[in-house]
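Data first, discussion second: the structure below is written as structure tokens.
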Amino acid sequence: MIDSVVTQASSPLYVTQPYLPALEEFIPYLEEIWKGKTLTNGGPYHQRFEQALSEHLGVEHVALFSNGTLALITALQALRVTGEVITTPYSFVATAHALHWHSNKPVFVDIDPETLNLDPKKIEAAITPQTTAILPVHCYGNPCDVQAIQDIADNYNLRVIYDACHAFGVEDGVGSILRYGDLSCLSFHATKVFNTFEGGAIVCPDAKTKQRINHLKNFGFVDEVTVVAPGINGKMSEINAAFGLLQLGHLQHVARRRAEVDALYREQLRDVAGLRCLPQFATGRANHSYFPVLVGDEFALTRDELYWHLKAHNVHARRYFYPLITDFPMYRGLPSAQPANLPVAKDVSARVLCLPIYPDLLRTDQERVIDLILGAGQ
Ligand code: T4K
């Protein structure tokens with residue numbers, strides 16, 4: 001009864017909310033598109049955004065996509081990945097679905113209890129003669145142990161494709177985290193740190209690979225009469241590219257606000273018994289894309305009780321990533337999907353809760369979330 005009264009009194013807070021610049025700022029971009037009548041297929045905004053994005057990220061080559069999932073599938077196709085691919089069960093389901101759509105068999109390996117990324121110490125035991133690649137995820141934007149993964153890949157002659165859908169703008173001490181591996185895939189979905197409504201990209205190391213990716217995302221066409229590969233339609237439209245170009249100009253504000261929200265949660269939740277915030281692992285720049293907390297046994301509520309408690313007060317935190325990918329019917333029969341193979345991922349998946357974090361989150365609203373947690377923890 002009390003809960004429903006509170007629900008009516010307070011506006012809903014979601015785990016995220018897309019950042020949108022003022023609408024007036026987008027109008028000139030739309031006018032330009034209306035004038036030129038090029039709506040897609042590598043038009044002027046596509047070219048400008050691609051160039052500006054690679055400069056912003058500090059990488060050589062970027063190929064834009066209509067979403068992160070098609071970027072992942074195309075990356076697998078670009079590198080002609082066959083057979084088994086080692087990956088993490090602790091991710092959004094698109095990571096494994098990309099393998100499924102490319103007819104690769106996912107082989108799930110457990111995660112590291114600190115970073116929640118693929119545990120390099122457990123990869124070698126999962127390699128078979130059919131293994132051709134590793135598909136790790138920089139989960140929540142926290143960098144994987146890229147060096148250890150590359151060493152294993154070099155030893156066993158494996159490709160590495162990073163699912164970097166959470167890792168826009170993340171840097172180590174030297175530069176972009178996206179420069180590691182053979183390819184890295186980004187998502188610019190509405191829920192991401194950087195959004196183009198829907199969108200994605202592949203970061204690639206050389207012009208030749210980018211050209212192959214460009215062919216693949218446009219049905220394999222090289223010219224009007226030549227098709228060199230069984231490509232797909234993965235192109236980003238002009239409207240999304242124009243919006244991306246506009247969004248790039250707002251990133252400083254977005255990054256600052258996210259860092260502030262992150263810092264307030266850390267400060268206020270630091271001493272709550274049974275609640276663990278993940279440390280920040282980016283040695284250069286973090287992107288504060290998510291704010292996961294792990295609910296331990298000492299906390300007064302279980303993770304699910306806390307989730308429902310917040311929901312009853314109109315705070316819609318999310319259990320990213322629960323269930324594990326390996327709990328879904330299309331994967332759970334695989335030998336590598338058995339819970340005994342994935343004890344850390346199982347445990348974390350049962351404890352994690354991602355709290356609201358986004359640039360327009362008002363301090364009073366964030367304090368509401370914090371008060372609810374502090375109240376529940378007593
Ligand atoms: N790899 C990884 C590691 C990923 O996390 C993802 C996507 C991918 C690959 C695939 O990339 P894409 O093909 O999507 O580019 C969301 C997103 O749909 C998904 O993109 C994202 N990961 C995943 C982690 O989260 P849902 O089902 O949780 O989204 P939804 O619709 O429940 O949105 C969450 C909250 O965000 C809503 O409660 C309200 C708010 N919201 C959402 C949308 C869509 C808005 O305020 N406005 C909006 O337009 O999957």
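Ligands are counted one by one from 1 in listed order, and the atoms in each one are counted from 1 as well.
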Review point. For ligand 1, which atoms, with element, lie under 4.0 Å from some heavy atom of Cys165?
Key: 1 (N), 2 (C), 4 (C), 8 (C), 9 (C)
Check your understanding: Side chains of Tyr156 and Glu124: is there a donor and an acceptor less than 3.5 Å apart?
Key -> yes
Check your understanding: Hey, looking at atom 22 (N) of ligand 1, which of His316, Lys192, His189 has the closest heavy atom?
Key -> Lys192
Review point. Is Tyr290 in contact with ligand 1, taking contact as a heavy-atom separation below 4.0 Å?
Key: yes
Exercise for review: Tell me which part of Thr16 gets within contact of ligand 1: side chain, backbone, both or neither, using heavy atoms under 4.0 Å.
Suggested key: both
Review point. Any side-chain donor-acceptor pair under 3.5 Å between Gln47 and Gln51?
Key: no
Exercise for review: Search all heavy atoms of Ile325 against all heavy atoms of Ala96 and return the closest pair with its distance.
Suggested key: CG2-CB, 3.5 Å
Check your understanding: Between Ser187, Cys139, Ser91, Ala201, which one has a non-hydrogen atom sitting closest to atom 15 (O) of ligand 1?
Key -> Ser187
Point to revise | Distance-only N or O hit between ligand 1 and Tyr14, under 3.5 Å | key: no
Check your understanding: Is there a donor-acceptor contact under 3.5 Å linking the side chains of Tyr331 and His97?
Key -> yes
Check your understanding: Is ligand 1 under 4.0 Å from a heavy atom in the side chain of Phe188, in the backbone, in both, or in neither?
Key -> neither
Check your understanding: Taking only residues at least two apart or on different chains, which pairs with a member in residues 317-331 satisfy salt bridge (charged side-chain N to carboxylate O under 4.0 Å, His left out)?
Key -> Asp304-Arg319, Asp327-Lys346
Review point. Will you find, in the side chains of His46 and Glu238, an N or O donor that is under 3.5 Å from an N or O acceptor?
Key: no
Point to revise | Arg303 charged N/C atom sitting above Tyr322 aromatic ring, 6.0 Å / 45° | key: yes
Revision key, fill the gap. The side-chain hydrogen bond (donor to acceptor under 3.5 Å, both in side chains) partners of Tyr14 (sequence neighbours excluded) come to none
Review point. If you take all heavy atoms of His215 and Phe221, which pair is closest and at what distance?
Key: CD2-O, 3.5 Å
Check your understanding: For atom 31 (O) of ligand 1, is the nearest protein heavy atom closer than 4.0 Å?
Key -> no
Practice item. Name the closest protein heavy atom to atom 4 (C) of ligand 1, giving the residue it belongs to and the distance to 0.1 Å. Key: Phe92 CB, 3.5 Å
Review point. For ligand 1, which part of Glu198 has a heavy atom less than 4.0 Å away: the side chain, the backbone, both, or neither?
Key: neither
Practice item. Please say whether the positively charged group of Lys235, taken as NZ for Lys or CZ for Arg, lies over the ring of Phe65, i.e. under 6.0 angstrom from the six-membered ring centre and within 45 degrees of the axis. Key: no
Point to revise | Selected option - heavy-atom contact closest to atom 47 (N) of ligand 1, from Ala190, Cys354, Pro18 | key: Pro18
Check your understanding: Which heavy atom of the protein is the closest neighbour of atom 25 (O) of ligand 1, given with residue, atom name and distance?
Key -> Tyr320 OH, 3.5 Å
Exercise for review: Taking atom types as modelled, find out whether Tyr90 and Asp110 have a side-chain donor-acceptor pair closer than 3.5 angstrom.
Suggested key: no
Review point. N/O to N/O below 3.5 Å, does that happen between Asp163 and ligand 1?
Key: yes
Exercise for review: Report yes or no: does Arg318 have a heavy atom closer than 4.0 Å to ligand 1?
Suggested key: yes
Review point. Looking only at protein heavy atoms, which one is nearest to atom 5 (O) of ligand 1, and how far off is it?
Key: His166 NE2, 2.7 Å
Study note, to complete from the structure: Residue, atom and distance of the protein heavy atom nearest atom 35 (C) of ligand 1 read Val15 CG1, 3.9 Å
Check your understanding: Closest approach of Val62 and Val59, non-hydrogen atoms and distance?
Key -> CG2-CG2, 3.6 Å
Check your understanding: Who's the nearest protein heavy-atom neighbour of atom 10 (C) of ligand 1, and how far?
Key -> Thr69 OG1, 3.5 Å
**Study point:** Ser289, Ala94, Pro356: member with heavy atom nearest to atom 8 (C) of ligand 1
**Key:** Ala94
Review point. Is it the side chain, the backbone, both or neither of Thr191 that has a heavy atom closer than 4.0 Å to ligand 1?
Key: side chain
